Amino acid sequence: MVHRLPPQCKLLAVLAFALVVVATPRERFWAFAAYAALLGGVALAARVPVAHMVRRMVIEVPFVLFALLIPVIGLGERITVLGLSLSVPGLWAAWNILAKATLGVAASVLLAATTEPREVLIGAQRLRLPGLLVQIAMFMLRYLDVIMDEMRRMRVARESRGFEARNFRQIPVVARSAGALFIRSYERGERVHLAMLSRGYSGRMPMIRDISASVGQWGTALALPAAALAVLGLSL
Amino acid sequence: MNSLEVRQLAYAYPDGTQALFGVDLSIARGERVALLGPNGAGKTTLVMHLNGILTAGHGSVTVAGTPVRKDTLSEVRQRVGLVFQDPDDQLFMPTVRDDVAFGPANAGLRGEDLDRVVKDALERVGMLDAVDRPPHHLSFGQRRRVAVATVLAMEPEILVLDEPSSNLDPAARRELAEILRSLDVTVLMVTHDLPYALELCERALILSDGVIAADGPTRTLLSDAELLARHRLELPYGFAVPVL
Amino acid sequence: MNSLEVRQLAYAYPDGTQALFGVDLSIARGERVALLGPNGAGKTTLVMHLNGILTAGHGSVTVAGTPVRKDTLSEVRQRVGLVFQDPDDQLFMPTVRDDVAFGPANAGLRGEDLDRVVKDALERVGMLDAVDRPPHHLSFGQRRRVAVATVLAMEPEILVLDEPSSNLDPAARRELAEILRSLDVTVLMVTHDLPYALELCERALILSDGVIAADGPTRTLLSDAELLARHRLELPYGFAVPVL
Amino acid sequence: MHVPDGFFNAATSISAGVVAAAGVAVCLRGARRELDDRTAPMAGLVAAFVFAVQMLNFPVAAGTSGHLLGGALAAILVGPYTGVLCMAVVLLVQGVFFADGGLTALGVNITLMGLVTVLAGWGVFRLVTGLVRGQVVVAAFLAALVSVPVSALAFTLLFWIGGTAPIDVGTVAAAMGGVHLLIGIGEGLITAATVGAVLAVRPDLVYGAAGLAKPLVLRGADGSGTPVGEPEPAPAAPGALRPFLLGGVGVTLVLAGLVSFFASSSPDGLEAVAEDKGFIDRAADHLFGSWALADYGEVGGIPVGVAGVIGVGLVLVLTGAVAYAARSRNQIKV
Ligand SMILES: Nc1ncnc2c1ncn2[C@@H]1O[C@H](COP(=O)(O)OP(=O)(O)OP(=O)(O)O)[C@@H](O)[C@H]1O
Ligand SMILES: Nc1ncnc2c1ncn2[C@@H]1O[C@H](COP(=O)(O)OP(=O)(O)OP(=O)(O)O)[C@@H](O)[C@H]1O
Ligand SMILES: [Mg+2]
Ligand SMILES: [Mg+2]
């Protein structure tokens, strides 16, 4: 059911949810627990495997590290925990960042796991994001494939001629191929664009499927941020 | 009125390599013409001008009476269907169905009509089974067939094909010939497969070093071994021009 | 010792499409063998196993006595030279010279020796003039020739070519045949060009639907019209198997 | 540097969102002039490329690693307006599809990694190409080199104003600036390599470095050639100092604007500054002296805009010097 919701509904729901989370004062521990439970419920309803969620959330790691550093370099009153002198406001800040960032990342991962990228963009267009931006994003996703493909091709080609990227000295080879990669993918992208033009492309993807949302679907999607808002209200 | 008119066409790529040095040709409505020539002669470059993908550096291209210019591009592209030499340049949508539907959908087709056109085009090239697969997960020959289908689905008046038979298995090669013969359109086909050109096209052009070096009935050109040899062309071992 | 030994090889692509269903073949040192079959039969998939680009899902591949495994990859790739079906898969350096030099340089060649090898390989395919141009600015046929040169420059013991003659002009097609005949190496060549297979290879394999469907002298297989038809193969119009 | 949700307080996130939206709106209008009908595909391609190379991590000293930001690269390849759009789209896609950077922090991310890097990069690029004509690759290197620490300093500043944790802005700025100067070298090398490669074979693709077209030749039946057509006029030499000044002033204005805009949301910070009288000495001391985060416990806060402005100024002076040196070497050669 989550998969079939129109993308614009889901996009707005996730954005609203993230806003509620960010606006929640950090002292309300159990509100954050309730948010996590809400997301868990959605993930369950959408049948998104836990392993997938966890794998995609690795993206957060660098900032977790930064957050853990804050109590150490932070200012203000200090307490000693396990022999380390830590800043109390820093600890609060670290908790704040960890909780909110984790919830935000989880919501985004859920959105991405239940919606095709192209659909999200069509949804964004419906939400009045400027057309040029949507188009650039569409082309970006399209060309991302092209570039990844070119990268893969180049890697296979290198390896099948006896190249192994173990050695530090071989960095120049990789660096030289970066420039070539840009031109290759640019020119392939250019030809693909021309192929699109020669089949009548005029700046808008033809709507092969219709995606207007019913009131019911809006209701379903907005249930998530509404519930979050209720939690926030109750916790005050 | 001629389907295609090219006058004094010259073109240089952005890096400075000049590929065309003044090409003149005209093709009448309903003709099937083969464009032959050695590697690097400029065939692909010429063909890319015919629907305005490349813009003439000098000279002019006219399609069914309409000069190819910025403001006529969309009309020209409606009329000229181009099958690229590299199918990867042609296929860009997430599934074969979307890719074949792209052209007709841009022309305004929707719903059942669209489905029918897509099914029809894929059936013709024998790729209906792959309708829901992503194009970049197909074999090279399968991709070439889908590329042909994307253009057939647009029902152009003029069909320009850049080495359509390469990478096709022999049966698909024959089937493509049958499709082309069954259509009532003007065809310009680039090929290195001289027997195929003889089989399909009454007339042939030889493009060499960026200019048209010969123009005449395919049978006559292919019988002139000396002319062929001058342009790195030759009939394959074991092949004899069949007597009529 | 056989140059190539493939035993019960099965493979499925990550998206679940199974392409090979138990392929068995062996090729002796110095043989020239053609691999024929319809589009989507699994020819490219098979060929990609021969130097370890794809890893057998089941079964085994042995090259000159060395099983293809993670730890033997670099040795295997030194011995097997693979010309890809799509030249864009093969060429990646900023200039043709760098690209051809890449393999020999990895093998340790430097300075004048390297230059000589590069020049030699490019001369053989007639692309010496393009030595300082970027490969992606060449015509398709020119790129295919450079792709062949990159592999020739590595002087492999076993040469595997995936449709090497497609997009080549007729003279280049013949010249390639001459090069292959002049080399004292084992050759496995995928092709849809049956006359070319007959001209070059004494032996042919037909791969169809992921298994080897026939194996024998090329002349015998090509004379069996019924066998050919079952696998979407057929001799082109105007071609007759020449009498010896 | 992708900022997640919860890093900045709500006021800061929203204000940065307004700044980002305004910046993107300006760029949407400007971009049409830069690339006409090819805007979308070109920008999409550059965005995809930036995204792809952002995944190339390169090692920086002391066990940290950095990745490309790409703002300067985008600006040089497609022009500053389209460059900002590219960066905005990259960040949007990363936030929505890859959960990289929070949705509510999108404004902050676009401001820091889009607006600031592009403005700084483009300003330096124009300065250097204006001073030493034709040194596009050198200019690309410097532009990219400078854009990274500038962005890092802007981040520090913003965090100090509207972050959710109290930090000592001086030490953090010094540390961030130092590490990112190193990362900037990597950024500069990759950017220069890419621009150089593109320039070698497709000079027409580098914005503002339009190539000179050779005249076409027509060949007769006898093989004789006659040239036709006139070569396109050479592009006007970029004005030397004015565009740079605009860029530099733009960066400074953005920083200064942010500072004053957020000042009210962070009274503690301001009070701390007011108390701290000798802040200029302290700033200089921190910028140059204390890489090792030595005295974090003791200081209450450090000058607001000053650290940022000093940082920007320092970087600009540095670049000016390098560019000047490059030019004089050039002149000797000629
Ligand atoms: N993108 C490009 N940039 C620069 N030069 C190019 C480019 N594409 C082709 N060329 C050059 O232009 C000339 C004509 O190329 P073209 O692709 O038209 O040849 P072709 O006749 O199609 O050859 P083939 O039979 O190999 O496909 C060649 O010399 C080629 O090297
Ligand atoms: N990357 C891929 N992902 C999934 N399936 C693939 C992929 N590449 C090929 N296939 C499928 O595997 C089968 C064998 O493909 P393969 O490329 O080996 O065929 P082939 O014999 O080389 O055909 P051709 O003559 O057209 O080159 C086909 O059904 C094809 O659709
Ligand atoms: Mg061509
Ligand atoms: Mg294949």
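The structure presented is a predicted model; accordingly, all values stated were derived computationally and were not measured. Chain identifiers are assigned alphabetically (A, B, ...) following the order of the sequence lines, protein sequences preceding nucleic acid strands; residue numbering begins at 1 within each chain. Excluded from the calculations below are hydrogen atoms, water molecules and symmetry mates; all remaining heavy atoms, backbone and side chain alike, are included.
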**Message:** Other residues, nucleotides and ligands only: do more than 12 of their heavy atoms fall within 6.0 Å of CZ on B/Arg29?
**Reply:**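 Open: at most 12 neighbouring heavy atoms sit under 6.0 Å from CZ of B/Arg29.
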**Request:** Name all residues meeting the side chain to side chain donor-acceptor pair (under 3.5 Å) criterion together with B/His49; count only those two or more places apart in sequence or in a different chain, and write none if there are none.
**Result:**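 B/His49: no side chain to side chain donor-acceptor pair (under 3.5 Å) contacts found.
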**Message:** What residues of residues 209-217 of chain B make heavy-atom contacts with chain D at a cutoff under 4.5 angstrom?
**Reply:**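 When heavy atoms of chain D are the reference, residues 209-217 of chain B contributes B/Asp209, B/Val211 within the under-4.5 Å range.
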**Item:** Closest contact, heavy atoms only, D/Leu216 versus B/Ala10
**Value:**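 So the two residues come closest at CD1-O, 3.9 Å.
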**Prompt:** Where does B/Tyr13 contact chain D at under 4.5 Å (heavy atoms): side chain, backbone, both or neither?
**Reply:**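 Neither part.
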